[in-house]
Amino acid sequence: MNWKAVVIGAIVFWLVTNVVGMGVTGFFIHNKILDPIYQAHEYFWLPELTEDPPNMAAVMPRWLLTSLLASLVVAGIYVCIHNSFGGNGAKKGMMWGLCLAFIATTTYMAMSGVFNLPVKMWIWWSIDAFLLYLVGGALMGWAAERFGGLSSQA
């Protein structure tokens, strides 16, 4: 296992998905499009998120830590299977990101059969996953190859 590639890939994936997620998709998808749905179903969310304004400082440490741990898992699996994909590091990472987005979407589909939340929410969460994981995966794959010593050769 190339631990250097795992750590570098995880840090890049974590940074990209958090920056894009908080700065771009968070603003448009969560703060604009889905905000009325979130407010109508506030009993599903943590109490800190239902305050006016939401207490983001209270939940941010948990979000950052869990997303970092998840990024380590994402990068670790990628390092193990990257040669299953063709192309350079960025293309391989993007293909892994596409796989992750499909996994997330199928999970949302399954959860929509359990939780009484609007379909629009699950659809937009899936769109968010595609955007974040394609970009995050491509940059993770590029960085793992460029700086982590991960080979593009099968």
Side-chain angles (χ1 to χ4, degrees), residues 5-79 81-82 85 87-148:
V6 170
V7 171
I8 289 171
I11 291 169
V12 169
F13 187 83
W14 181 76
L15 285 171
V16 170
T17 55
N18 277 284
V19 168
V20 174
M22 290 179 200
V24 179
T25 65
F27 177 77
F28 290 107
I29 294 174
H30 303 288
N31 292 346
K32 297 293 181 192
I33 297 168
L34 293 178
D35 187 55
I37 293 173
Y38 292 158
Q39 288 182 24
H41 297 83
E42 71 176 30
Y43 48 88
F44 276 97
W45 317 127
L46 293 170
E48 296 85 354
L49 297 175
T50 61
E51 295 175 14
D52 189 21
N55 186 356
M56 302 304 277
V59 293
M60 196 60 66
R62 180 179 180 174
W63 287 356
L64 293 175
L65 178 61
T66 57
S67 64
L68 179 60
L69 294 174
S71 296
L72 285 164
V73 171
V74 164
I77 294 171
Y78 172 74
V79 167
I81 68 165
H82 75 280
F85 306 109
N88 61 21
K91 183 177 179 188
K92 289 178 179 193
M94 187 174 65
M95 293 306 296
W96 173 230
L98 183 64
C99 291
L100 291 173
F102 278 116
I103 291 167
T105 297
T106 57
T107 301
Y108 295 149
M109 289 168 52
M111 291 188 324
S112 73
V114 176
F115 295 103
N116 188 23
L117 293 167
V119 172
K120 181 178 180 180
M121 188 186 76
W122 303 107
I123 291 170
W124 279 103
W125 281 4
S126 294
I127 292 168
D128 191 28
F130 275 91
L131 295 171
L132 294 177
Y133 297 161
L134 285 172
V135 174
L139 291 172
M140 175 195 67
W142 170 81
E145 181 180 282
R146 176 82 166 88
F147 303 108

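Numbers here are sequence positions counted from 1.
In this structure, Val16 and Gly136 approach most closely via the heavy-atom pair CG1-CA, 3.7 Å. In terms of heavy-atom proximity, Leu34 sits nearest to Lys120 at CD2-O, 4.1 Å. Heavy atoms only, all atoms of each residue included: Val79 and His82 are closest at O-ND1, 2.9 Å. When all heavy atoms of Tyr78 and Ala144 are compared, the closest pair comes out as CE2-CB, 4.4 Å. Of all non-hydrogen atoms in Glu48 and Ala58, the two that sit nearest each other are CG-CB, 3.6 Å. Minimum heavy-atom separation, Thr50 to Glu42: CG2-O, 3.5 Å.
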Using the rule given for side-chain contact (heavy atoms from CB on, under 4.5 Å), can you reason through Met140 versus Ile11, listing the C-alpha separation, both sets of side-chain angles and the distance that settles it, and then say yes or no? CA-CA 8 Å; Met140 175 195 67; Ile11 291 169; over 6 Å; no
Give the intermediate values and the outcome of side-chain contact (heavy atoms from CB on, under 4.5 Å) for residues Gln39 and Asp35. CA-CA 6 Å; Gln39 288 182 24; Asp35 187 55; 2.7 Å; yes
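Side-chain contact check for Asn18 versus Leu64: some heavy-atom pair is nearer than 4.5 Å. With contacts defined as side-chain heavy-atom distances shorter than 4.5 Å, the pair Met109/Thr105 qualifies. Counting heavy atoms from C-beta on, the side chains of Pro118 and His41 come closer than 4.5 Å. Side-chain atoms of Phe13 and Leu100, non-hydrogen and from C-beta on, do get closer than 4.5 Å to each other.
Ring-plane geometry between Phe85 and Trp96 is classed as tilted, the angle between the planes lying from 30 to 60 degrees on a 0 to 90 degree scale. Ring geometry for Trp122 against Trp125 counts as perpendicular: the plane angle is over 60°, on a 0 to 90° scale with 30° as the lower cut.
A distance of 9.5 Å separates CD1 of Ile127 from CZ of Phe130, quoted to the nearest 0.5 Å. Once rounded to the nearest 0.5 Å, the distance linking OH of Tyr108 with CG of Leu117 reads 12.5 Å. Atom CZ of residue Phe147 and atom CD1 of residue Ile8 lie 8.0 Å apart, to the nearest 0.5 angstrom. With values rounded to the nearest 0.5 angstrom, Arg146 atom CZ is found 13.5 Å from Leu139 atom CG. Rounding to the nearest 0.5 Å gives a distance of 11.0 Å between CD1 of Ile77 and CG of Leu72. Expressed to the nearest 0.5 Å, how far CG of Leu132 lies from CE of Met22 amounts to 10.5 Å.
Residue Phe102 places its CZ atom among 12 or fewer non-hydrogen atoms of other residues, nucleotides or ligands, all under 6.0 Å distant.
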